[in-house]
*Asks:* 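Can you read through this structure? Questions will come right after.
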Amino acid sequence: MSQKSTQSSLDNLRNTRIQKLNDLIDNGINPYPYTFDRTACAGELHEKYAELEPGSEDSKVYNVSGRIMAMRNNGMFVDLVDSSGKIQLFIHKDHVNEDKIKLLKLLDVGDILGVYGAVRRTPRGELSIKVSDFKILSKSLLPLPEKWHGLTDTETRYRQRYIDMIMNPEVRETFLKRSKIISETRNYLIQRGFLEVETPMLQPQAGGASARPFVTYHNTLDMQMYLRIAPELYLKRLLVGGLSEKIFEINRNFRNEGISPKHNPEFTMLELYQAYVDYNEMMVLTENLVSAIAQNVLGTMEIEYQGKKINLKPPWQRITMIGAVKKFTNIDFSQFLSAPEAAEEAKKIGVNPQEGDSWGSIIDQVFEIKVEPHLIQPVHIIDYPRDISPLAKPHRDDSRLVERFETRINGWEIANAFSELTDPIDQRRRLENQINSRREGDFETPVEIDEDFLKALEYGMPPAGGLGIGIDRLIMLLTDSASIRDVISFPTLKPRHDNL
RNA sequence: GCGCUAUUAGCUCAGCCGGUAGAGCAAUCCCCUUUUAAGGGAGAGGUCCCGCGUUCGAAUCGCGGAUAGCGCACCA
């Protein structure tokens with residue numbers, strides 16, 4: 001077998017570039033220098049010289065840097081891209097030292113280049129930099145995907161997000177918006193007196209939600225630990241502590257469950273608590289927060305998601321859960337108060353609850369199947385059954401219900417909020433009931449009570465409204481992204497053991 | 001976890017009634033030189049995802065596996 005045939009095509013492409021790298025070094029050039037004195041970016045120049053006439057030029061020299069994305073006419077024309085946009089370079093032997101012109105053939109698409117030159121608009125109208133000198137800032141050894149079709153392979157896009165970002169400007173745009181959405185959220189809350197806090201991700205028991213946790217182990221403490229499924233129980237402890245009457249946390253939760261276009265094992269949650277208010281206040285806060293983010297990041301409250309127009313302008317519609325179910329199924333579950341009766345009614349419309357499911361759980365199942373798909377425009381679904389909401393305060397007018405709402409947009413649960421349960425005796429009873437009704441193979445219900453959380457409540461927690469917003473899904477909506485993987489820079493994937 | 005679909009050159013894709021692979025782009029060399037997916041020419045580049053099987057012969061058919069996407073289940 002010849003030596004050549006043992007090399008892959010990629011190896012050959014890479015070796016060609018390594019040869020160029022060595023040629024640069026032989027010419028006394030460091031292909032990986034330390035700095036470049038950048039004085040302008042592409043977008044800035046396009047803005048500044050928008051009025052420059054074709055064929056004319058300015059005398060001011062700028063230093064611009066970025067990645068080479070295309071080369072035409074043997075390097076005479078180069079497309080240079082930085083985070084602000086693209087600008088064409090005009091590298092002509094009349095304006096550049098002869099030795100430097102020779103170096104042009106050692107450049108490749110993908111290299112990071114710094115250039116010095118005046119701005120000029122070509123006779124054909126393309127704003128360009130008439131390069132007088134250039135400096136290689138990083139020699140690229142691996143070829144980028146072709147310029148026309150770009151990178152479309154979903155697996156490579158997610159595994160090597162950096163290529164995805166280089167090739168697909170809309171991907172950069174999405175992550176830019178993600179960053180803005182999160183900082184707008186922070187700004188909004190901080191401006192209104194909320195204090196940002198951090199609570200444990202590594203917890204001795206995973207509480208505050210119903211989900212299967214990731215299990216890990218601490219060696220020195222010699223104990224099993226869990227990655228948090230929610231920060232709720234710790235944030236409430238802080239409310240007991242009185243650190244601030246308004247607190248929030250934006251951070252990761254981890255749930256050891258299925259992966260789908262709407263679920264990633266680690267995802268970002270906003271949870272906030274405000275003392276002395278109830279869930280009514282949380283509804284107002286939710287719609288004001290979400291609509292303000294849309295306005296500030298997108299410049300509009302009217303968005304379009306996968307072809308569906310959604311208007312985020314407050315106020316948002318409110319409907320009780322039982323009322324919503326009645327509206328779409330004609331079944332009034334307030335007339336069927338026992339679980340067997342409710343199950344009977346559910347079966348009539350093709351929803352089949354499991355034996356032993358509670359009244360509230362049956363309504364929830366009917367809601368999910370029969371109502372949820374219709375809720376495209378923002379709507380607060382209020383007053384949930386008590387038995388599926390162990391952390392919410394009983395409804396002041398109806399003991400079977402709690403003061404809880406979930407905000408639906410595009411059918412998705414975007415927010416979940418309650419008048420928080422602050423009665424330590426009731427809270428203990430609810431958590432005990434939950435544990436007692438735990439079924440075989442249920443990995444989602446905690447095995448034991450978080451005694452310290454109950455102890456904290458016994459010291460006295462102020463009445464409070466609490467709100468959780470799934471940030472990734474909100475970002476999906478605001479960026480028109482079909483998959484949660486499109487808004488998480490490195491989504492969870494199985495590692496590959498081949499060479500990809 | 002189950003089902004469906006996909007996996008061929010660095011990238012984007014053809015080829016799939018079984019006869020041991022093709023294009024465009026990129027890369028290399030030559031020509032041209034104010035281009036915009038620049039143009040013209042030449043040559044090169046492949047474990048057809050992996051394994052086993054059927055067959056005279058498998059990229060193509062069968063079985064098993066890997067990874068991904070989508071759907072279902074679980075959930076936010």
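Letters go in sequence order (proteins before strands), and every chain restarts at 1.
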*Asks:* For RNA chain B, what residues of residues 377-386 of chain A have any heavy atom nearer than 4.0 Å?
*Replies:*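 The answer is none.
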*Asks:* What integer number of Å spans the P atoms of G46(B) and C50(B)?
*Replies:* 15 Å
*Asks:* Would you find a donor on one side and an acceptor on the other, under 3.5 Å apart, between the side chain of S361(A) and the backbone of D357(A)?
*Replies:*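 Checked: no pair found.
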*Asks:* Scan T152(A) against the nucleic acid and name what it touches under 4.0 Å (heavy atoms): base, sugar-phosphate only, or nothing.
*Replies:* sugar-phosphate
*Asks:* Is there a Watson-Crick or G-U wobble partner for C61(B) with both distances under 3.5 Å, and which nucleotide is it?
*Replies:* G53(B)
*Asks:* 5'-most contact on RNA chain B: S483(A) or E266(A), nearest heavy atom basis?
*Replies:*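 In this pair, the answer is S483(A).
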*Asks:* Using heavy atoms to find the nearest nucleotide of RNA chain B for K93(A) and H149(A) separately, return the residue whose nucleotide is more 5′.
*Replies:* H149(A)
*Asks:* Check nucleotides 38-41 of chain B for protein N or O atoms closer than 3.5 Å to its own N or O atoms and list the pairs.
*Replies:*
unit_1: A38(B); atom_1: OP1; unit_2: K147(A); atom_2: NZ; d: 2.4
unit_1: A38(B); atom_1: OP2; unit_2: R72(A); atom_2: NH1; d: 3.3
unit_1: A38(B); atom_1: N9; unit_2: N73(A); atom_2: OD1; d: 3.3
unit_1: A38(B); atom_1: N7; unit_2: N73(A); atom_2: N; d: 3.3
unit_1: A38(B); atom_1: N7; unit_2: N73(A); atom_2: OD1; d: 2.9

*Asks:* Treating S481(A) as the side-chain partner and S483(A) as the backbone partner, does any N or O pair qualify as donor plus acceptor under 3.5 Å?
*Replies:* no
*Asks:* Tell me: CD1 of I259(A) to C1' of U67(B), nearest whole Å?
*Replies:*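 It works out to 13 Å between those atoms.
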*Asks:* Exactly one of E271(A), E198(A), E266(A), E249(A) should register a salt bridge (charged side-chain N to carboxylate O under 4.0 Å, His left out) with R228(A). Which one does?
*Replies:* E249(A)
*Asks:* Heavy atoms under 4.0 Å, any strand shown: does N253(A) hit a base, just sugar-phosphate, or nothing?
*Replies:*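 Touches nothing.
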*Asks:* Could you check which of A76(B), U28(B), U34(B) has an atom nearest any side-chain atom of T16(A)?
*Replies:* U28(B)
*Asks:* As a test of reading the structure: which of U67(B), A27(B), G69(B) is closest to the side chain of R496(A), going by heavy atoms?
*Replies:*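 Among the listed nucleotides, the one closest to the side chain of R496(A) is U67(B).
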*Asks:* Starting from C1' on A26(B), measure out to CG on L10(A) and report it in whole angstrom.
*Replies:* 12 Å
*Asks:* Does K105(A) have a side-chain nitrogen or oxygen under 4.0 Å from the phosphate oxygens OP1 or OP2 of C30(B)?
*Replies:*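 For C30(B), OP1/OP2 do not have a side-chain N/O of K105(A) under 4.0 Å.
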*Asks:* Any base atoms under 4.0 Å from G470(A), or only sugar-phosphate, or nothing? Heavy atoms, all strands.
*Replies:* nothing
*Asks:* Counting the benzene-type ring for Trp, do Y226(A) and F214(A) have ring centres under 6.0 Å apart?
*Replies:*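 Aromatic pair excluded; centres sit 6.0 Å or further apart.
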*Asks:* If you check the L151(A) side chain, which of U67(B), U12(B), U36(B) turns out closest?
*Replies:* U12(B)
*Asks:* So D94(A), base contact, sugar-phosphate only, or nothing? Heavy-atom distance under 4.0 Å.
*Replies:*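 Nothing: the residue D94(A), judged by heavy atoms under 4.0 Å, touches no strand.
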*Asks:* Once you apply a heavy-atom cut-off of 4.0 Å, does E126(A) come out as touching a base, just sugar-phosphate, or nothing?
*Replies:*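 Answer is base: heavy atoms of E126(A) come under 4.0 Å of a base.
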*Asks:* Which listed nucleotide (U67(B), A27(B), G10(B)) is nearest to the side chain of E146(A)?
*Replies:*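 It is G10(B).
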*Asks:* Could you check whether R178(A) and T268(A), counting side-chain N and O atoms only, form a donor-acceptor pair closer than 3.5 Å?
*Replies:*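 On atom types as modelled, these side chains qualify, holding a pair under 3.5 Å.
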*Asks:* Which of the following nucleotides, A76(B), A68(B), A27(B), is nearest to the side chain of L13(A)?
*Replies:*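 Of the options given, the side chain of L13(A) lies nearest A27(B).
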*Asks:* Base, sugar-phosphate alone, or nothing: which one does K130(A) contact when heavy atoms must sit under 4.0 Å apart?
*Replies:*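 Here K130(A) touches no strand at all.
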*Asks:* Please report the shortest heavy-atom distance between A209(A) and I229(A), naming the atom on each side.
*Replies:*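 Shortest heavy-atom contact: O-CD1, 3.3 Å.
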*Asks:* Could you give the distance separating C63(B) and A26(B) at their C1' atoms, to the nearest angstrom?
*Replies:*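 These two C1' atoms come out 39 Å apart once rounded.
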*Asks:* Considering only the P atoms, how many Å lie between G24(B) and U67(B), rounded to the nearest integer?
*Replies:*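 Looking at atom P only, G24(B) and U67(B) are 36 Å apart.
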*Asks:* Taking R172(A) for the side chain and D164(A) for the main chain, is one N or O donor matched with an acceptor at less than 3.5 Å?
*Replies:* no
*Asks:* Calculate the interatomic distance between D108(A) atom CG and C11(B) atom P; express it in whole Å.
*Replies:*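 Those two atoms, CG and P, are 17 Å apart.
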*Asks:* For G69(B), what is the paired nucleotide under Watson-Crick or G-U wobble rules, both distances under 3.5 Å?
*Replies:*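 Because both required distances fall under 3.5 Å, G69(B) counts as paired with C4(B).
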*Asks:* To the nearest Å, give me how far apart CZ (F90(A)) and P (U33(B)) are.
*Replies:*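 So the CZ-P distance, F90(A) to U33(B), works out to 14 Å.
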*Asks:* Can you tell me the distance, in whole Å, between the CG atom of L106(A) and the P atom of C29(B)?
*Replies:*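 About 10 Å, once rounded to whole Å.
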*Asks:* Pairing check on G45(B): which nucleotide meets the Watson-Crick or G-U wobble criteria with it, both distances under 3.5 Å?
*Replies:*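 With both distances under 3.5 Å required, G45(B) matches none.
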*Asks:* Just compare U36(B), G10(B), A68(B) and give me whichever is closest to any side-chain atom of K494(A).
*Replies:* A68(B)
*Asks:* Give L493(A) one of three labels, base, sugar-phosphate or nothing, depending on what nucleic acid heavy atoms sit under 4.0 Å from its own.
*Replies:* sugar-phosphate
*Asks:* Report which part of the nucleic acid G468(A) touches: base, sugar-phosphate, or nothing (heavy-atom distance under 4.0 Å, all strands).
*Replies:* nothing
*Asks:* Can you tell me, in whole Å, how much space there is between the C1' of G43(B) and that of A27(B)?
*Replies:*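 12 Å, rounded to whole Å.
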*Asks:* Without hydrogens or angle criteria, can the side chains of Y62(A) and K48(A) be said to hold a donor-acceptor pair below 3.5 Å?
*Replies:* yes
*Asks:* Using the C1' atom in both, what is the distance from A9(B) to G18(B), to the nearest Å?
*Replies:*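 Comparing C1' positions in A9(B) and G18(B) gives a spacing of 23 Å.
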*Asks:* Would you mind reading off the distance between N168(A) atom CG and U12(B) atom P, rounded to a whole angstrom?
*Replies:*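 Rounded to the whole Å, the gap is 10 Å.
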*Asks:* Could you tell me whether a side-chain N or O of S419(A) sits under 3.5 Å from a main-chain N or O of Y279(A), the two making a donor and an acceptor?
*Replies:*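 Checking the backbone N and O of Y279(A) against the side chain of S419(A), a donor-acceptor pair under 3.5 Å is found.
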*Asks:* Please check this pair: side chain of S84(A) against backbone of A42(A), looking for a donor-acceptor N/O pair closer than 3.5 Å.
*Replies:* yes
*Asks:* Measuring only the P atom in each nucleotide, how far is A37(B) from G69(B)? A whole number of Å is fine.
*Replies:*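 Looking at atom P only, A37(B) and G69(B) are 33 Å apart.
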*Asks:* Is R404(A) close enough and on-axis enough to Y384(A), meaning under 6.0 Å and within 45°, for cation-pi?
*Replies:*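 Relative to the ring axis of Y384(A), which defines the angle, R404(A) lies inside both limits.
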*Asks:* Checking base pairs now: Watson-Crick or wobble, both atom distances under 3.5 Å. What partners C13(B)?
*Replies:*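 By the stated definition (distances under 3.5 Å), G22(B) pairs with C13(B).
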*Asks:* Can you tell me which residue among I471(A), I475(A), L478(A) is in a side chain to side chain contact (heavy atoms under 4.5 Å, CB included) with V487(A)?
*Replies:* I475(A)
*Asks:* Looking at G10(B), G69(B), U36(B), which one has an atom nearest to any side-chain atom of R485(A)?
*Replies:* G69(B)
*Asks:* To the nearest Å, give me how far apart CZ (R252(A)) and P (A76(B)) are.
*Replies:* 18 Å
*Asks:* In whole Å, what is the span from the CZ atom of R157(A) to the C1' atom of C11(B)?
*Replies:* 14 Å
*Asks:* Search all heavy atoms of Q306(A) against all heavy atoms of D480(A) and return the closest pair with its distance.
*Replies:*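 That closest heavy-atom pairing would be N-OD1, 2.6 Å.
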*Asks:* Expressed as a whole number of Å, how far does the P atom of U5(B) sit from that of A42(B)?
*Replies:* 43 Å
*Asks:* By nearest atom, which of the nucleotides U67(B), A76(B), A27(B) is closest to the R255(A) side chain?
*Replies:*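 Given the options U67(B), A76(B), A27(B), the side chain of R255(A) is closest to A76(B).
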*Asks:* Please state the C1' separation for the pair A44(B) and G10(B) - nearest whole angstrom.
*Replies:*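 Nearest-Å result for A44(B) against G10(B) at atom C1': 14 Å.
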*Asks:* Contact class for S9(A) (heavy atom, under 4.0 Å): base, sugar-phosphate, or nothing?
*Replies:*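 The answer is base, as S9(A) lies within the cut-off (heavy atoms under 4.0 Å) of a base atom.
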